[in-house]
Amino acid sequence: MERSLSDISAPPVHLYYHKMSTPLLRDVMKRPAVFAAWEKRRNSKQVHWAIECFAEMMGVFFYVYFGVGSTAGWVIGNIIKQPGLSSLLQIGLGYAFGIMFAIGVCSSTSGGHFNPCVTIAFCIFRKFPKWKALRYIVAQILGAYIASALVYNQWKVLIDEAEALLLEAGPAVFAATQFTPNGPPGIFALYLLPGQTIPRVLLNEFVNCTLLAMIIWASLDPTNFLIPPVMGPFVISIAYAAAIWGFATPGISLNAARDIGARLFAMTIWGLPASGGRYAAIAALVNIPGTLLAACIYEVFLTDSDRVVSASHLQFMDHNANHGRLQPYGDHPHHTHKGDSDTSSQEKANITTLEHSGARV
């Protein structure tokens, strides 16, 4: 194939973005001295790990807070016979918007895992540090627990009213409803639907988690022109909503942090009977092998190293790789201040091969 001289001399796309890097925030807006001093400390290696964990905790908080809040209206409305408090449509949208808020607000700080199975998959397929993964998972579960506690206190009057109505209906009705998806503890912890079998709910969980993880992996694929970085949050959120709309009634968890954190909170209020029995293991653990299978499928059958990396993904990588925390101040083309910075090579994105991707014929 013939190439013009201009084509041969043109720089790789990623290098173009690197040379045209925009200024850092400190170069265009001076923040109050107290914030500037805190940022310098916060971005140090000794402290930044805690900031990343905070971002993971807040991300799961967004996801659980809006989703569980919508579930509270659904469960309580059915018990007190007041329709319109919520619906399956609202629950799906609540979780979807929570995911969009989590990614939009917190992912630029932590990478946006917000799910233990995603963190574990990154350890296996993306060499994510194992100790860092453990911290992330603890933070994710904590975020779900705090969100559940807040939702409980905001809905407590109506939760107490719903429980009182179940008790008035008789001990048999109370025992048959309380620790099911239709009882007040079911707002937070996930329980087996009466009449549902363990094998069927296991299949439901595994299939949905596998498909969702494939969509997540596709959204992270830098050669996927149809899902640029700015579309990823919307695609992933809609995927979660679709899974809830279609399969929440038979029973799905989709996120171990949401399940474990909210279940621990339910046990805090209602004791060990709120643990969920055998179904608890399925809700908490099945999404892990489902996610790993999805990653394997995508890496084996759908990832193609000979495809061109899209310009939007290259710009996204360049944006993250040129964060001031990852380089000495003087190395950034727009840095005007000198100071200490964490330059740990383990934190830097490995973009050596991507820098030369545009040079291929």
Side-chain angles (χ1 to χ4, degrees), residues 53 56-57 59-65 67-68 71 75 91 95 98-99 102 113-124 128 130 133-149 151-152 178-181 183-194 196-213 216 239-240 243-244 247-295:
C53 289
E56 285 294 304
M57 181 190 72
V60 177
F61 178 93
F62 277 117
Y63 170 67
V64 174
Y65 181 75
V68 171
T71 304
V75 172
I91 294 170
Y95 278 109
I99 292 170
H113 295 194
F114 310 138
N115 192 331
C117 63
V118 173
T119 301
I120 293 171
F122 268 55
C123 285
I124 295 173
F128 193 75
K130 293 180 176 58
L134 181 60
R135 294 196 294 258
Y136 269 32
I137 291 172
V138 172
Q140 291 159 3
I141 294 172
L142 180 61
Y145 187 95
I146 295 173
S148 298
V151 171
Y152 175 80
Q178 180 73 344
F179 297 110
T180 72
I187 296 170
F188 308 96
L190 301 173
Y191 299 107
L192 194 65
L193 185 72
Q196 180 67 288
T197 65
I198 291 292
R200 285 197 177 97
V201 77
L202 190 153
L203 177 66
N204 193 47
E205 186 75 35
F206 187 82
V207 172
N208 277 278
C209 289
T210 302
L211 294 177
L212 281 176
I216 292 172
Y240 270 88
I244 291 169
F247 300 96
T249 301
I252 50 174
S253 165
L254 305 179
N255 188 316
R258 179 260 178 268
D259 176 74
I260 296 173
R263 191 179 301 279
L264 288 174
F265 175 77
M267 293 172 66
T268 302
I269 302 299
W270 289 282
L272 286 177
S275 63
R278 291 188 298 165
Y279 176 63
I282 293 175
L285 300 176
V286 169
N287 53 64
I288 297 173
T291 300
L292 295 180
L293 175 62

Closest non-hydrogen atom pair, [X] against [Y]:
X      : Y      : result
Ile91  : Gly67  : CG2-O, 4.5 Å
Val60  : Ala144 : CG1-N, 3.7 Å
Gly276 : Arg263 : CA-NH1, 3.6 Å
Ala256 : Ala284 : CB-O, 3.2 Å
Val75  : Pro181 : CG2-O, 3.6 Å
Thr291 : Ala213 : CA-CB, 3.7 Å

Report task. Say whether, by atom type as modelled, one donor and one acceptor occur between the side chain of Asn115 and the main chain of Leu254 under 3.5 angstrom. Result -> yes
Report task. Return yes if some donor-acceptor pair links the side-chain N/O of Tyr191 with the main-chain N/O of Gly251 below 3.5 Å, else return no. Result -> no
When rounded to the nearest 0.5 angstrom, what is the spacing between [atom1] in [X] and [atom2] in [Y]?
X      : Y      : atom1 : atom2 : value
Leu285 : Glu205 : CG    : CD    : 10.0 Å
His113 : Ile137 : NE2   : CD1   : 10.0 Å
Ile260 : Arg258 : CD1   : CZ    : 11.5 Å
Ile141 : Asp259 : CD1   : CG    : 9.5 Å
Tyr136 : Ile120 : OH    : CD1   : 14.5 Å
Cys209 : Asn255 : SG    : CG    : 9.0 Å

**Report entry** Crowding at CZ, Phe206 (>12 non-hydrogen neighbours, <6.0 Å)
**Finding:** yes
Report task. Determine, step by step, whether Tyr152 and Ile187 satisfy the side chain to side chain contact (heavy atoms under 4.5 Å, CB included) criterion, reporting the C-alpha distance in whole Å, the side-chain angles of both residues, the deciding distance to 0.1 Å, and the verdict. Result -> CA-CA 9 Å; Tyr152 175 80; Ile187 296 170; over 6 Å; no
Requested in this report: Determine whether the aromatic ring centres of Phe114 and Tyr63 lie less than 6.0 Å apart.
Outcome: no
Query raised in the report: Can the ring centres of Phe265 and Phe188 be said to be less than 6.0 Å apart?
Result: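 Ring-ring flag for Phe265/Phe188: true, centres closer than 6.0 Å.
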Query raised in the report: Hey, are Thr119 and Gln140 close enough side-chain-wise for a donor-acceptor pair under 3.5 Å?
Result: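 There is such a pair between these side chains.
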Do [X] and [Y] have side chains that approach each other closer than 4.5 Å (heavy atoms only, starting at C-beta)?
X      : Y      : result
Thr268 : Tyr145 : yes
Arg278 : Leu192 : no
Val64  : Tyr95  : no

Report task. Kindly indicate, with the supporting measurements, whether the criterion side chain to side chain contact (heavy atoms under 4.5 Å, CB included) is fulfilled by Ser253 and Asn287. Result -> CA-CA 8 Å; Ser253 165; Asn287 53 64; 4.3 Å; yes
Report task. With side chain to side chain contact (heavy atoms under 4.5 Å, CB included) as the test, would you mind laying out the steps for Trp270 and Gln178 before giving the verdict? Result -> CA-CA 10 Å; Trp270 289 282; Gln178 180 73 344; 3.5 Å; yes
